[in-house]
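Here's the structure, in structure tokens; my notes come after.
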Amino acid sequence: MDYEKLAELLFPHITRTPEDYEAMYPPRQLPEGAKVTRLGPSPTGFIHLGNLYGAFVDERLAHQSGGVFYLRIEDTDDKRFVEGAVEIIINSLRFFGINFDEGATMDGDTGSYGDYTQSRRGEIYQCFAKKLVREGKAYPCFLTEEEIAEIRCKQEEMKLTPGIYCQFAKCRSLTYEQVEENIKAGKPYVVRLKSDGNMSLPEDQIKRIHVQDAIRGTLDMPANDQDTVILKATGIPTYHFAHVVDDHLMRTTHVVRGAEWLPSLPIHIELFEKLGWEPPVYCHTAQLMKLDEEGNKRKLSKRKDPELSLDYYRNQGYHPAAVREYLMTILNSNFEEWRIANPDADIDEFEFTTEKMSTSGALFDLNKLNDISKDVLLKISASDLYDFLKGWAAEFRPEIIHMFDDRAYLERILDIGRKEAKPRKDHIYAQQMVDNISYFFDDMFKIEDSFPAEVEAAGDTAAILRKYLETYDHSDDQETWFAKIRTIAQELGYAAKPKDYKKNPDQYKGHVGHVSTVIRVALMGRQQSPDVWEIQQILGEKRTRERLERFI
Ligand code: GLU
């Protein structure tokens, strides 16, 4: 077979040569050790935690080493393409602090290694497919779906690995004339890699590959034996071929991707080999897992787990710094230790390494995220929290935007209990924070809890509030204020100390705690809240008196 002629027959329109592309995309001029990474999402409109998890690894590897992190849109599967998806990807990642140095942007590409959208790189893939055909390493395959199904049946009967390889790869042996005839007859065809194959070899002679994965160490796997499709009948490349060509020409040094790609790694290694290129360092990240209700570890699922979607964190209003901090704890096993030693350091000062990544499945736990978020938010000033919350509300809860009318008022609210030696950790995420502090705003204030049963039984609610209001002096300090509540309690037959009531429950109607809970419910609508005195100071005298009067 004259492969040169075959290549011209299949790709007459491809005039550029591989050398042209090599010259167009020369090796990058970067400092020694600088890593080039990329995110290659498919524009399906669904961006999930796994994407963010991987993007963090990419971002850290590139930016810690003075390298480049770029965005490539992998849209070769047009069935899954969703309008606006690129915007969603860029915006979501930017929100979480992930910024690209080059690649696809909403206003076209930046960088000189583009085009960064696979659907616009057709000629490049075809040029390299042509090269493989010319060298006898790839061939056109005219097998129809029915023929492939038949082959599969036969393989099942014979208990052989399914697929197109060796003796099953019938089109390998077509002559030039047969190919030409098929093409003239308009028969559709794909281009397949002519794999070196293992199938005819006895078990102990099967060729194996050894690949150094940056997360998993040496991977020892059987070499590829499948005549994998590299160009589909439409001329569009498969993922396998597209990423190999792109990662080479874009001079990617590290490919970070999910463990679901591990089984096809031998195909990629063979493709690199056949193209005569050095493969990048692969970093196969662990699957994100969660513990289900029964305590079993399982993969996060799009259908069952809303927290898989990045939209979830934005809707709920998680602060991006909290999500970053949490992801880093599951990304690197030594991060928490580092954080304890460096409580105030910027997260980017932590030296992220692929070696400290889990290989067996990273456990994602919302409760842990919430705990971490409490600590992270504690370090964010009230003023910054105000800005963050306002941005969130404008997008997700426009009906409450009036909460932000009085900046000083809201900042005082957000700071309640945060300045103490053992600070309160009330804030977790925007949705929860807004609910938490809603009682500070008259239109959102509602009575959510009941008055204590002890007080209601004695019919003392109104009496307590009346006495409280009569003696209320907004300028009282905290001590004077509480002494007054004690007095009211005693006057009405409640113990001044809870322990007295516990000792002699028959002597009292209840204790001072029940009395102050009445005030709490009247003022905040809730039995639990931060310090009442402090809240009153923020509510102001007028609002405080109005709320008490409602019950008298
Ligand atoms: N387009 C692939 C995906 O969305 C990317 C895999 C890779 O990073 O190589 O899964």
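Keep in mind that this is a model prediction, so the values were computed, not measured. Each ligand, and each atom within it, is numbered from 1 in the order the structure gives. As a basis for the values below, the full set of heavy atoms in this structure was taken, side chains included, without hydrogen atoms, waters or symmetry mates.
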Contacting atoms of ligand 1, where contact means under 4.0 angstrom from a heavy atom of Ser42: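 Those atoms are 1 (N), 4 (O).
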Atoms of ligand 1 close to Arg257 [distance to a heavy atom under 4.0 angstrom, numbered from 1]: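 Per the distance check, 7 (C), 8 (O), 9 (O).
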Heavy atoms of other groups near Lys232 NZ, more than 12 under 6.0 Å: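 Check passes, neighbour count above 12.
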What donor-acceptor contacts under 3.5 angstrom involve side-chain atoms of residues 311-318, with partners at least two apart or in another chain?
| from | atom 1 | to | atom 2 | distance (Å) |
| --- | --- | --- | --- | --- |
| Tyr313 | OH | Glu307 | O | 2.5 |
| Asn315 | ND2 | Asp311 | O | 3.2 |
| Tyr318 | OH | Asn370 | OD1 | 2.6 |

Location of contacts on Glu74 toward ligand 1, heavy atoms closer than 4.0 Å: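 Only the side chain of Glu74 comes within reach of ligand 1.
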Closest protein heavy atom (residue, atom, distance) for atom 9 (O) of ligand 1: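 Atom 9 (O) of ligand 1 sits closest to the protein heavy atom Tyr239 OH, 2.3 Å.
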Min heavy-atom dist Arg38 to ligand 1 below 4.0 Å: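 It does, in that a heavy atom of Arg38 comes within the 4.0 Å cut-off of ligand 1.
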Option whose closest heavy atom lies nearest to atom 5 (C) of ligand 1, chosen from Gly54, Ser264, Gly40: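 When every heavy atom of Gly54, Ser264, Gly40 is considered, Gly40 comes closest to atom 5 (C) of ligand 1.
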Thr110-Tyr70 side chain donor-acceptor pair, cut-off 3.5 Å: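 Note: Thr110 and Tyr70 side chains miss the donor-acceptor criterion.
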Sub-4.5 Å side-chain heavy-atom contact between Gln287 and Lys297: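 When only atoms from C-beta onward are counted, Lys297 and Gln287 do not touch, as no gap falls below 4.5 Å.
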Just distance, no hydrogens or angles: give the donor-acceptor pairs under 3.5 Å from side chains in residues 340-353, sequence neighbours left out.
| from | atom 1 | to | atom 2 | distance (Å) |
| --- | --- | --- | --- | --- |
| Asn342 | ND2 | Trp338 | O | 2.9 |
| Asp346 | OD1 | Asp348 | N | 2.8 |
| Asp348 | OD1 | Arg324 | NH2 | 3.2 |

